Amino acid sequence: MITLLETPVPIILFGIITLAVLGLMLLRSGRGVLLWVMIGVAVLVAGGIALERVVVTERERIEAVIEAGAAAVAVNDKEAALRHVDPNNRDTRSLVAGNMGRFKFTGAKITRLEISFKELSSPPRATAKIMVLVSFDSRDGSFPHDNYPVPLTLHLWRKGDTWLIEDHEWKNNPSSR
């Protein structure tokens, strides 16, 4: 059920298939009452799409936090990037601040995002496995890199109406070698 509120694809597919079947039935039978049924289905699909746009799920909130963090990194806005990190998370905060001090980022694009929720935890918690392609250059211009893959696992928790990054895992972190 929650899938219907996260993407309009199932609603649109339902509408296309149902309208196609009803359209064929209308052509074969010539019964005008089927036109009213088709209009009803179209209104129902439009309402479902509108509902999907209005309702923001927890998964969509987490996606928005991660996308906003990537956008902040892409424009070198350290303060905006740190807004999404729990103030008590010193490791992640120092990683973000340190790398943004050493490098000038020119892009950050999330290419994979998988979110799982920890059931029955209080406060609510989630884990996001992401792949980010970052483009950057060292501050002195000696180390440019385009689309460097950064696989991360982010642990998030909900504080009030927002999600914060509580911890991170970065396997093969070049600075930890």
Side-chain angles (χ1 to χ4, degrees), residues 1-75 77 80-81 83-86 92 105-135 146-171:
M1 180 64 177
I2 208 79
T3 301
L4 294 176
L5 297 175
E6 290 181 350
T7 177
V9 173
I11 298 167
I12 292 170
L13 287 176
F14 166 78
I16 290 171
I17 293 168
T18 304
L19 289 173
V21 169
L22 289 170
L24 287 173
M25 290 172 59
L26 177 65
L27 287 175
R28 291 194 177 231
S29 71
R31 300 197 63 196
V33 72
L34 289 174
L35 191 57
W36 288 106
V37 175
M38 290 175 73
I39 292 170
V41 168
V43 168
L44 183 65
V45 168
I49 292 170
L51 180 65
E52 185 274 331
R53 293 285 177 218
V54 169
V55 174
V56 179
T57 65
E58 293 301 320
R59 185 176 311 277
E60 291 171 330
R61 288 179 184 183
I62 292 171
E63 287 174 5
V65 165
I66 294 170
E67 290 286 344
V73 168
V75 296
D77 188 347
R83 266 187 236 126
H84 305 290
V85 179
D86 186 339
T92 304
F105 290 89
T106 57
K109 180 181 178 189
I110 297 172
T111 60
R112 182 179 49 114
L113 174 59
E114 300 169 15
I115 299 171
S116 60
F117 293 91
K118 300 213 181 353
E119 301 295 324
L120 305 175
S121 65
S122 181
R125 287 185 156 67
T127 300
K129 293 184 178 187
I130 65 173
M131 176 64 73
V132 184
L133 296 179
V134 293
S135 298
D146 283 333
N147 296 323
Y148 183 81
V150 179
L152 291 170
T153 300
L154 303 176
H155 302 283
L156 300 102
W157 71 289
R158 192 174 77 196
K159 180 179 182 183
D161 289 339
T162 189
W163 286 85
L164 294 173
I165 298 169
E166 180 177 35
D167 198 8
H168 78 280
E169 297 171 29
W170 181 4
K171 291 186 170 96

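Model, not experiment: these values are computed from the prediction.
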Contact summary for [X] and [Y], nearest pair of heavy atoms:
| X | Y | value |
| --- | --- | --- |
| Ala70 | Ala108 | O-CB, 3.4 Å |
| Pro151 | Trp170 | O-CD1, 3.4 Å |
| Ile110 | Ile66 | CD1-CG2, 3.1 Å |
| Arg158 | Pro123 | O-CB, 3.6 Å |
| Pro149 | Met131 | CB-SD, 3.8 Å |
| Ile115 | Ala128 | CG1-CB, 4.2 Å |

Q.
Under the side-chain contact (heavy atoms from CB on, under 4.5 Å) test against Arg61, which residue among Glu63, Glu58, Arg59 passes?
A. Glu58

(Q) Walk me through whether His155 and Glu169 qualify under side chain to side chain contact (heavy atoms under 4.5 Å, CB included). (A) CA-CA 8 Å; His155 302 283; Glu169 297 171 29; 2.7 Å; yes

Q: Inspect the surroundings of CZ in Arg31 and state if more than 12 heavy atoms from other residues, nucleotides or ligands are less than 6.0 Å away.
A: no

Q) Does a sphere of radius 6.0 Å around NZ in Lys118 hold more than 12 heavy atoms from other residues, nucleotides or ligands, not counting ones at 6.0 Å or beyond? A) yes

(Q) Under a 3.5 Å distance rule, please check whether Thr111 uses its side chain to pair with a backbone N or O of Val132 as donor and acceptor. (A) no

Roughly how far apart are [X] [atom1] and [Y] [atom2], rounded to 0.5 Å?
| X | Y | atom1 | atom2 | answer |
| --- | --- | --- | --- | --- |
| Leu35 | Leu26 | CG | CG | 6.0 Å |
| Leu34 | Leu24 | CG | CG | 11.0 Å |
| His84 | Thr92 | NE2 | OG1 | 13.5 Å |
| Ile62 | Leu113 | CD1 | CG | 9.0 Å |
| Ile165 | Trp157 | CD1 | CH2 | 13.0 Å |
| Asp146 | Thr106 | CG | OG1 | 6.0 Å |

(Q) Do Ser135 and Lys109 make a side-chain contact, defined as non-hydrogen atoms from C-beta onward lying under 4.5 Å apart? (A) no

Q) Taking it one step at a time, do Trp36 and Ile39 satisfy side chain to side chain contact (heavy atoms under 4.5 Å, CB included)? A) CA-CA 5 Å; Trp36 288 106; Ile39 292 170; 4.2 Å; yes

